[in-house]
Each structure stands twice: as C-alpha cells, then as structure tokens.
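Residues take their numbers from the sequence shown, with the count starting at 1.
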Amino acid sequence: MKFVSTLPAIGILLCCAGTSYADTPANSGFQPGFMDEEVGGELLTAEICKPEYPRASLRNEETGVVRLEMLIGKDGSVIDGKIRQTSGFRNLDYATLQATMKCIYRPHSKGGKPFQEKHLLQYVWRLE
C-alpha cells in the first residue's frame, strides 16, 4: 500500500517477521492497525505511537531505516525497546524509539493466556 500525502515526509512502519505491514504517512491522520498472525499482538494505539519526522532531519534531508526489538508485556504495554539497526542518524533513531515506546498492543497469547513477547519492528524514514 502507498498513501499519497501533501507532506514531504513519509514513514513506513513494518511489523513482525514480515508477515504484515502498514504504510504510515508521517504527521497524517492515518491510523494503521497491523497484526502478527502467529501469536496476536495487534497494535491498539497507532495514533499515539507514530513517530514525527524531526525538523532537523527534514531540513537535512535525512532518511534511513530503524530496526527495533520491543518487549511487549502481558498487559500489552512496551516494557523495553532496543535499536537493533540504526538509520545512521541519531534524531531519526531517537524519534522512532521514543514514539514506539508509547505503543499499546493486544497482548500476545497462547491458549488464552497472555505472555511477554519480543516484537520486531522496522520504521522506514523517507522523503517524497
């Protein structure tokens, strides 16, 4: 999917082992939901955890890919987040990590019992 925006900045959020994804135009009202089909983990709060393109990064035309590993708790909150691969730009990495730490997920579960689970996330910063 590709969404056209009047804004110059476009970010794409890719989730979970490559099984599903959602395009997320930066600073737009689009609210994606995505699902890790293997064990659950639906994102419930996309509107509050979508990173905004840092102004300095826009001005400097910085782009890149940030890969994160998130630990999702039994209650669906993000317990911990780590950058697994940097975009090469501190502002983009920081904005991605800070925003995704606010995400709330439907807890992962097996047999109806929620459990902690690592969640892989990729955010692509690009200008159009």
Side-chain angles (χ1 to χ4, degrees):
M1 268 191 235
K2 184 169 183 176
F3 294 88
V4 179
S5 172
T6 57
L7 299 172
I10 300 293
I12 300 173
L13 182 66
L14 300 173
C15 166
C16 318
T19 58
S20 60
Y21 64 91
D23 288 350
T24 57
N27 304 324
S28 76
F30 180 69
Q31 299 176 9
F34 52 90
M35 189 79 157
D36 177 344
E37 296 173 354
E38 294 177 6
V39 293
E42 180 182 1
L43 177 63
L44 301 175
T45 59
E47 66 280 357
I48 66 166
C49 65
K50 180 175 52 179
E52 288 190 37
Y53 226 113
R55 287 184 180 169
S57 295
L58 272 173
R59 192 171 40 253
N60 295 325
E61 298 183 359
E62 297 172 352
T63 61
V65 177
V66 181
R67 290 188 174 92
L68 303 172
E69 180 180 294
M70 312 301 285
L71 179 61
I72 310 301
K74 292 179 182 181
D75 64 353
S77 65
V78 178
I79 296 171
D80 191 25
K82 296 176 185 171
I83 295 173
R84 287 299 193 198
Q85 180 181 338
T86 178
S87 66
F89 298 100
R90 186 181 317 173
N91 287 340
L92 297 181
D93 296 345
Y94 182 76
T96 305
L97 185 58
Q98 288 302 107
T100 55
M101 290 296 292
K102 298 175 188 173
C103 293
I104 303 292
Y105 293 85
R106 185 175 321 280
H108 294 273
S109 64
K110 285 186 182 173
K113 292 188 175 191
F115 63 94
Q116 284 188 178
E117 179 70 13
K118 287 184 181 175
H119 191 77
L120 302 176
L121 188 94
Q122 174 175 289
Y123 197 83
V124 180
W125 293 96
R126 69 176 184 210
L127 301 171
E128 289 191 352

Residue list, salt bridge (charged side-chain N to carboxylate O under 4.0 Å, His left out) with Arg84, at least two apart or on another chain: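 Counting only residues at least two positions away or on another chain, Arg84 forms a salt bridge (charged side-chain N to carboxylate O under 4.0 Å, His left out) with Glu69.
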Leu92 side, atom CG; Leu97 side, atom CG - distance, nearest 0.5 Å: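 So the CG of Leu92 and the CG of Leu97 are separated by 12.5 Å.
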Rounded distance (nearest 0.5 Å) linking atom CZ of Phe115 with atom NZ of Lys110: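 The NZ atom of Lys110 is 5.0 Å from CZ of Phe115, to the nearest 0.5 Å.
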side-chain contact (heavy atoms from CB on, under 4.5 Å) partners for Thr63, two or more places apart: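 side-chain contact (heavy atoms from CB on, under 4.5 Å) list for Thr63, sorted by chain: Tyr53, Leu127.
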For Ala99, all residues meeting side-chain contact (heavy atoms from CB on, under 4.5 Å), sequence neighbours excluded: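 Ala99 satisfies side-chain contact (heavy atoms from CB on, under 4.5 Å) with Pro51 only.
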Remaining members of hydrophobic cluster (4.5 Å side-chain criterion), Ile79: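 Answer for Ile79: Leu71.
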Sidechain-backbone polar pair: Asp75 side chain, Ser77 backbone, donor-acceptor under 3.5 Å: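 Pair found, side chain donor or acceptor close to backbone of Ser77.
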pair Leu68-Tyr123: side-chain heavy atoms closer than 4.5 Å: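 Heavy-atom side-chain distance check fails, nothing below 4.5 Å.
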Nearest heavy atoms of Met101 and Gly81, plus distance in Å: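 Taking every non-hydrogen atom into account, SD-N, 3.6 Å.
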Nearest atoms (heavy-atom pairs only) where Ile72 meets His119: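 Taking every non-hydrogen atom into account, CG1-CB, 3.7 Å.
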Pair listing, disulfide (SG to SG under 2.5 Å) test, anchored in residues 48-126, at least two apart: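 Checked against disulfide (SG to SG under 2.5 Å) - neighbours excluded - the pairs reaching residues 48-126 are Cys49-Cys103.
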Partners passing side-chain hydrogen bond (donor to acceptor under 3.5 Å, both in side chains) against Asn91 (at least two apart in sequence or in another chain):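 Per chain and number, Asn91 pairs via side-chain hydrogen bond (donor to acceptor under 3.5 Å, both in side chains) with no residue.
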